[in-house]
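Written below as structure tokens is the structure these notes are about.
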2 protein chains.
Amino acid sequence: MTEDEKYKSEGRAAILKAISHPSRIFIVDKLNEKPYCVCELAEMIGIDQSTTSKHLSILKNAGIIDDTKKGTTVYYSLRCKCLLDFIGCIENVIRMNIDRNKKYMGVGNN
Amino acid sequence: MTEDEKYKSEGRAAILKAISHPSRIFIVDKLNEKPYCVCELAEMIGIDQSTTSKHLSILKNAGIIDDTKKGTTVYYSLRCKCLLDFIGCIENVIRMNIDRNKKYMGVGNN
DNA sequence: AGCTAATATGGCAATATAGCCATATATGAG
DNA sequence: CTCATATATGGCTATATTGCCATATTAGCT
């Protein structure tokens with residue numbers, strides 16, 4: 001890899017990595033509906049508030065979400081709607097994987 | 001999260017995680033052109049052959065790439081073209097981040 | 001069978017991540 | 001100022017990941 005390619009790949013990986021966690025994917029998916037605050041997300045996910053806050057700061061540092069304060073409450077929102085289309089692509093891979101498994105297991109061929 | 005939501009989020013995260021590494025993003029990008037074998041990719045990336053093989057098996061297990069043997073050589077190919085569109089989305093986030101940094105640093109406003 | 005080339009796998013050390021608890025910080029009410 | 005609520009941060013342990021080296025496996029050739 002040239003320096004340029006390395007830099008580019010690292011940048012892309014950093015963003016992907018930020019989303020690559022069950023709780024964070026869930027957050028991105030939820031924020032597509034509307035903004036939510038930390039405690040709402042923590043409640044929905046079922047993990048500690050502090051852990052949720054850390055997840056949100058990872059997404060924020062990656063430039064994936066934005067935050068707005070209202071009193072002591074911080075609302076997070078999606079910064080880039082295209083992220084949803086791309087989840088569609090991931091779903092596509094999942095569907096392909098399921099089909100393949102079915103084929104290997106002979107489901108639908110008996 | 002309900003059991004269903006948890007399962008779904010874990011599935012999505014598993015696929016994303018598989019791609020979330022500089023070398024693996026690079027591989028996906030390269031395989032979009034055409035299939036390559038392990039040693040070609042190792043050479044391009046500049047890492048050990050064994051490490052490259054492990055990266056490829058991670059992508060393969062996630063259902064992102066396919067392999068075909070020709071003699072002792074194994075050619076890997078992209079299984080899902082939509083992955084490229086989604087890299088476009090990542091690029092979009094990167095562009096937004098750059099713009100934001102410029103704004104904070106006052107570039108273009110003097 | 002014996003040799004070579006291409007991949008894959010096991011083992012290991014260094015580093016990173018996820019989650020919790022405890023605590024710090026910040027905002028608004030009284 | 002004091003208290004309560006919402007977030008953020010520090011510290012810690014358990015676990016996972018990355019990369020290399022050494023070695024096993026596989027396929028083709030003679």
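Of the candidates D:dA8, C:dT7, D:dG10, C:dT7 carries the atom nearest the B:Thr73 side chain, counting heavy atoms from C-beta on. Relative to the side chain of A:His21, the nucleotides C:dA18, D:dT18, C:dT7 differ in distance, and C:dA18 lies closest. Side-chain atoms of B:His55 lie closest to D:dG19 of the nucleotides C:dA8, D:dG19, D:dA8. Among the nucleotides D:dG19, D:dA8, D:dC20, the one closest to any side-chain atom of B:Ser50 is D:dC20. When distances run from any side-chain atom of B:Lys17 to the nucleotides D:dT17, C:dC20, D:dG19, the shortest one goes to D:dT17. Here D:dA8 is the nucleotide among C:dG19, C:dA8, D:dA8 with the atom lying nearest to any side-chain atom of A:Gln49.
Put simply, the side chain of B:Lys69 reaches to within 4.5 Å of the side chain of B:Val74, judged on heavy atoms. Contact of the B:Ile47 side chain with the B:Ser23 side chain is registered, since non-hydrogen atoms from C-beta on lie closer than 4.5 Å.
Looking only at distances, no side-chain donor or acceptor of B:Ser9 sits under 3.5 Å from a matching main-chain atom of B:Lys6. Looking only at distances, a side-chain donor or acceptor of B:Asn61 sits under 3.5 Å from a matching main-chain atom of B:Ser57.
Note on the helix from C:dA1-D:dT30 to C:dG30-D:dC1: terminal axis deviation equals 20°, with five pairs used at each end and the result rounded to 10°.
Using a 4.0 Å heavy-atom distance criterion, A:Leu56 is classed as making no nucleic acid contact.
The separation between B:Asn61 atom CG and C:dT9 atom C1' is 13 Å, rounded to whole Å. To the nearest angstrom, P of C:dA26 lies 15 Å from CG of A:Asp67. Protein atom NZ of B:Lys54 is 16 Å distant from nucleotide atom P of D:dA16, rounded to whole Å. Rounded to an integer number of Å, the gap from CD1 of A:Ile47 to P of C:dC20 is 6 Å. The separation between A:Tyr75 atom OH and D:dA6 atom P is 10 Å, rounded to whole Å. Going from atom CD1 of A:Ile19 over to atom C1' of C:dT17 covers 17 Å, rounded to whole Å. Separating the CD1 atom of B:Ile45 from the C1' atom of C:dT7 is a distance of 15 Å, rounded to the nearest angstrom. Rounded to whole angstrom, the span from the CG atom of A:Asp48 across to the C1' atom of C:dC21 amounts to 8 Å.
Heavy-atom neighbours of B:Lys30 NZ from other residues, nucleotides or ligands within 6.0 Å: above the threshold of 12.
Of the side-chain N and O atoms in B:Ser53, one or more sit less than 4.0 angstrom from OP1 or OP2 of C:dA8. For A:Tyr76, a side-chain nitrogen or oxygen approaches OP1 or OP2 of D:dA8 to under 4.0 Å.
A:Asp4 and A:Thr2 are not linked by any side-chain donor-acceptor pair at a separation below 3.5 angstrom, with hydrogens and angles left out of the test.
Heavy-atom nearest nucleotides on DNA chain C were determined for A:Ser20 and for B:Cys39, and the one closer to the 5' end corresponds to B:Cys39.
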*Sugar-phosphate means primed atoms, P, OP1 and OP2; the rest is base. With that split, encode nucleotides 24-30 of chain D 5' to 3' as B, S or - using protein heavy atoms under 4.0 Å.*
--BBS--
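Taking CD1 of A:Ile58 as the reference point, atom NE2 of A:His21 lies at 8.0 Å (rounded to 0.5 Å). Of the inter-residue distances, the one linking B:Leu59 atom CG with B:Ile65 atom CD1 reads 4.5 Å to the nearest 0.5 angstrom. To the nearest 0.5 Å, atom CD of residue A:Glu5 and atom CD of residue A:Glu3 are 10.0 Å apart.
The shortest heavy-atom contact between A:Lys17 and B:Ser20 is N-OG, 3.5 Å.
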